[in-house]
A.B. asks: 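There's a structure below that I have some questions on.
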Amino acid sequence: MSNFGLYEERIRDFKWSIAEKELEYSNGNILNIGWYCSDRICLKGKAEKIALYYEGFGGIKKTFTFNDIRIAGNTIGSFLRNLGIKDEDRVCLFMDRIPELYLSFLGVLKIGAIVQPLFSAFGEESLFVRLENAQTRAIITQSRHLSKVRMIRDRLPHLEFIIVVDHVVTKKLENKEIAFSLSDSPPVGNLEIFPTKAESPSVLHYTSGTTGQPKGVKHVHYSLISQYLTTKWVLDLQENDIYWCTADPGWVTGTSYGIIGPWSLGITQCVLDAGFSAHAWYRFIDDYQITVWYSAPTAIRSLMKAGDEVVAQYNLKSIRHLASVGEPLNSEAVLWSIKMFDKPFHDTFWQTETGCIMITNFPGMKVKPGSMGKTFPGITGTLLDPVTYEPIKETGKVGLIAFQPGWPSMMRSYWNNEEKYREKFKNGWYLSGDRSSIDAEGYFWFIGRDDDVINTGGHLVSPFEVESALLEHPAVAESAVVAKPDEINMEVVKAFITLKPGFNANPDLELEIMNFIRKKLSPLAMPQAVEFMDKLPKTRSGKIMRRLLHAKEWGEEIGDISTLEND
Ligand code: PRX
């Protein structure tokens with residue numbers, strides 16, 4: 001049956017209480033995401049249903065039922081509680097995509113503590129600033145990431161516990177370190193769930209801006225309402241689906257739609273923690289007969305590049321629905337997926353701050369390749385004039401994407417940064433920081449970001465963070481970091497550097513500087529190109545004009561340079 005008109009139907013009389021009703025979400029009940037994602041599903045008679053098919057490096061496979069994840073969450077929660085971790089303490093998850101990452105997420109929430117997921121590829125300095133900012137009390141990690149934690153723990157007075165989930169007894173544990181093995185711990189069948197309220201904090205994700213240190217985006221347990229409903233309606237998950245979200249839970253897609261959405265719906269999901277290759281990904285879809293696949297444009301472009309003949313080697317007929325997030329989904333990628341899978345990738349636009357999908361090509365709606373689609377029911381979105389911050393009335397004119405505040409999973413604050421939080425609102429609208437146009441049918445067409453943040457392969461990189469790391473090198477006098485075009489990642493990081501007197505630009509020095517910052521940054525933030533300059537373009541007041549360097553890289557018009565300093 002064609003579900004043409006479903007979008008209009010959903011919009012009519014929309015209320016978030018639709019999700020509250022389905023979830024039996026009301027005061028007096030347990031309003032805890034950890035409980036919703038495991039205990040409640042078991043109580044609904046799905047205790048033996050598969051919650052997670054996991055596959056790691058070397059083909060290691062593990063399977064967990066909803067009862068398994070319920071008990072594992074309890075066991076981890078109980079262990080943390082026995083250490084003295086209490087509600088609203090920050091517990092960082094710093095792991096690869098191993099089952100403990102997903103299970104700890106539930107365990108931390110179940111005891112009312114705040115989960116702080118961080119991408120395991122972060123270098124020690126990136127890790128340090130985020131743990132320091134959140135005053136994190138415990139970190140759960142793996143042996144292979146321990147050396148990074150050891151390098152910074154003495155500068156983190158609030159960090160009391162470093163929990164290692166795969167410790168081998170032959171290795172010595174040091175100060176603050178504790179071994180915890182899920183398989184060796186007595187399973188905890190029943191755990192007293194902390195009585196979190198709708199507005200109790202749940203997840204703290206860090207995101208990068210143009211200036212200053214990364215900001216901690218605070219979410220609350222009520223976020224479940226919009227994560228549940230958008231998963232159900234946009235990702236179209238149904239009882240027998242086998243779902244694969246390719247995002248890492250170090251980033252918001254991996255928690256909102258890689259844990260909370262599917263598990264609160266009681267859906268079976270798959271996790272592949274074995275890097276990227278076209279063969280490995282198609283083989284994974286084939287092996288598990290995946291039906292719904294949520295991925296990102298960079299991955300899709302890499303698959304396109306690997307060649308259509310690779311697709312033909314696998315049976316991918318199981319795929320029923322495709323969606324994408326994180327960066328502009330070019331029309332070629334949508335047309336390619338129609339050719340290969342007989343279905344378009346449905347674009348979804350949202351942010352760490354929004355917590356859930358805001359703009360999307362809703363299932364059944366006409367997909368216009370290259371457009372992000374329309375606002376999700378219950379979301380009021382518009383474009384604001386960049387000067388007056390008034391809504392733009394004319395069709396097709398470019399403006400700032402803005403949303404009316406109030407949807408359930410909207411961030412509640414930036415951690416300890418009220419000022420930056422307030423800057424996100426103008427005339428009562430929440431500003432996304434992105435630019436777009438809207439056509440006559442209400443479809444959004446993404447133009448670009450409204451700041452200097454670089455989006456490389458779907459990961460936001462703050463130029464400030466990279467520039468700060470560069471400036472710590474003794475040879476670097478000044479630096480400016482901008483995006484450079486890239487065929488696969490859309491954008492990559494490029495650094496412009498001036499040197500201090502006595503240093504000469506040469507390949508050895510470049511290598512030395514790169515090795516120096518590699519330890520501080522995540523691999524994603526590493527410059528893919530470096531250019532030494534005699535001087536950087538600056539305003540008369542001495543501010544480096546990244547805009548000019550950006551325009552040079554993209555072959556764009558330079559625009560107004562009236563503030564450029566003269567020789
Ligand atoms: O610039 C937009 C881009 O990614 C930003 C949000 O990044 P982050 O907070 O890391 O969350 C990513 C996953 C939700 C946005 O401000 N972005 C996200 N989705 C799209 C997009 N750009 C174009 N098209 C999209 N569909």
Side-chain angles (χ1 to χ4, degrees), residues 117-119 130 203-210 214-219 223 226-227 230-231 234-235 245-258 260-261 294-301 322-331 333-334 344-362 367-376 379 381 398 400-403 409-411 414 420 424 430-438 443-462 465 483 489-491 522 524-525:
L118 289 178
F119 188 42
R130 290 160 175 84
V203 181
L204 187 62
H205 268 297
Y206 275 75
T207 186
S208 298
T210 313
K215 295 163 294 202
V217 177
K218 188 175 96 175
H219 286 289
S223 72
S226 35
Q227 288 154 348
T230 47
T231 306
V234 178
L235 301 180
C245 168
T246 58
D248 187 295
W251 312 103
V252 72
T253 308
T255 57
S256 290
Y257 298 104
I260 304 173
Y294 193 24
S295 198
T298 288
I300 300 165
R301 286 190 290 268
L322 299 169
S324 161
V325 64
E327 342 149 44
L329 180 66
N330 37 328
S331 53
V334 178
F345 269 100
H346 292 72
D347 199 4
T348 67
F349 169 91
W350 58 291
Q351 307 179 296
T352 308
E353 287 88 341
T354 69
C356 76
I357 294 165
M358 305 297 278
I359 298 172
T360 183
N361 282 292
F362 207 80
V367 171
K368 297 188 186 180
S371 158
M372 304 194 292
K374 303 193 199 190
T375 44
F376 182 79
I379 302 291
V398 175
L400 307 175
I401 304 177
F403 301 105
S409 66
M410 184 178 163
M411 70 164 163
Y414 284 130
K420 279 265 183 271
K424 294 294 291 183
Y430 163 78
L431 292 178
S432 71
D434 291 293
R435 290 174 297 128
S436 172
S437 64
I438 303 180
Y443 283 69
F444 285 71
W445 294 80
F446 187 80
I447 301 285
R449 287 191 61 96
D450 192 44
D451 57 19
D452 291 340
V453 169
I454 301 162
N455 187 337
T456 178
H459 297 288
L460 302 189
V461 173
S462 151
E465 220 178 340
N489 291 292
M490 284 293 275
E491 297 184 344
S522 96
L524 301 167

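Start at 1 and go down the list; that is how both ligands and their atoms are numbered. Everything numeric here is computed off the predicted structure, so don't read it as measured data.
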A.B. asks: Say whether S462 and S208, considering side chains only, have a donor N or O and an acceptor N or O under 3.5 Å apart.
C.D. replies: no

A.B. asks: Can you list the atoms of ligand 1 that are under 4.0 Å from a heavy atom of T352?
C.D. replies: 8 (P), 9 (O), 10 (O), 11 (O)

A.B. asks: Given Y294, which of T253, L322, T246 fulfils the side chain to side chain contact (heavy atoms under 4.5 Å, CB included) condition?
C.D. replies: T253

A.B. asks: For a side-chain hydrogen bond (donor to acceptor under 3.5 Å, both in side chains) with E327, tell me which candidate from N455, T298, N489 qualifies.
C.D. replies: T298

A.B. asks: Which of the atoms in ligand 1, numbered in the order shown and given with their element, are less than 4.0 Å from a heavy-atom of F446?
C.D. replies: 22 (N), 23 (C)

A.B. asks: Decide, yes or no, whether a salt bridge links E465 with R130 under the criterion of side-chain N to carboxylate O below 4.0 Å.
C.D. replies: yes

A.B. asks: Within the distance-only criterion (no hydrogens, no angle test), does the side chain of T360 pair as donor or acceptor with the backbone N or O of D347 below 3.5 angstrom?
C.D. replies: yes

A.B. asks: Regarding S432 and Q351, do their side chains bring together a donor and an acceptor under 3.5 Å, going by distance alone?
C.D. replies: no

A.B. asks: When you look for heavy atoms under 4.0 Å from ligand 1, do you find them on the side chain of Q351, its backbone, both, or neither?
C.D. replies: both

A.B. asks: At a 4.0 Å threshold, what atoms of ligand 1 neighbour a non-hydrogen atom of N455?
C.D. replies: 3 (C), 4 (O)

A.B. asks: Among all protein heavy atoms in this structure, tell me which lies nearest to atom 25 (C) of ligand 1, with the distance rounded to 0.1 Å.
C.D. replies: E327 O, 3.4 Å

A.B. asks: Would the distance check show the side chain of S256 and the main-chain N or O of G355 forming a donor-acceptor pair, the cut-off being under 3.5 Å?
C.D. replies: yes

A.B. asks: If we set the cut-off at 4.0 Å for heavy atoms, which region of L460 has an atom near ligand 1: side chain, backbone, both, or neither?
C.D. replies: side chain

A.B. asks: When only distance counts, is G326 in polar contact with ligand 1, meaning an N/O pair under 3.5 Å?
C.D. replies: yes

A.B. asks: Take every heavy atom of P328, measure it against each atom of ligand 1, and state whether any distance is under 4.0 Å.
C.D. replies: yes

A.B. asks: Spell out, as yes or no, whether a donor-acceptor pair under 3.5 Å connects the side chain of T375 to the backbone of I359.
C.D. replies: no

A.B. asks: Are T230 and Y257 linked by a side-chain donor-acceptor pair shorter than 3.5 Å?
C.D. replies: yes

A.B. asks: Going by the atom numbers of ligand 1, which of them fall below 4.0 Å from some non-hydrogen atom of F349?
C.D. replies: 2 (C), 19 (N), 20 (C), 21 (C), 25 (C), 26 (N)

A.B. asks: Looking only at protein heavy atoms, identify the closest one to atom 15 (C) of ligand 1 and say how far it is in Å.
C.D. replies: D434 OD2, 3.3 Å

A.B. asks: Tell me: protein heavy atom nearest atom 13 (C) of ligand 1, and distance?
C.D. replies: T253 OG1, 3.4 Å

A.B. asks: Does an N or O anywhere in S432 fall below 3.5 Å from an N or O of ligand 1?
C.D. replies: no

A.B. asks: Which of the numbered atoms in ligand 1 are below 4.0 angstrom from a heavy atom of R449?
C.D. replies: 1 (O), 5 (C), 15 (C), 16 (O)

A.B. asks: Give the residue, atom name and distance (to 0.1 Å) of the protein heavy atom nearest atom 6 (C) of ligand 1.
C.D. replies: W350 O, 3.7 Å

A.B. asks: Do K368 and Y443 meet the cation-pi criteria used here (NZ or CZ under 6.0 Å from the six-membered ring centre, within 45° of the axis)?
C.D. replies: yes

A.B. asks: Could you see which bit of T348 sits under 4.0 Å from ligand 1, with heavy atoms only: side chain, backbone, both or neither?
C.D. replies: backbone

A.B. asks: Which is it for M372 and ligand 1 at heavy atoms under 4.0 Å: side chain, backbone, both or neither?
C.D. replies: side chain

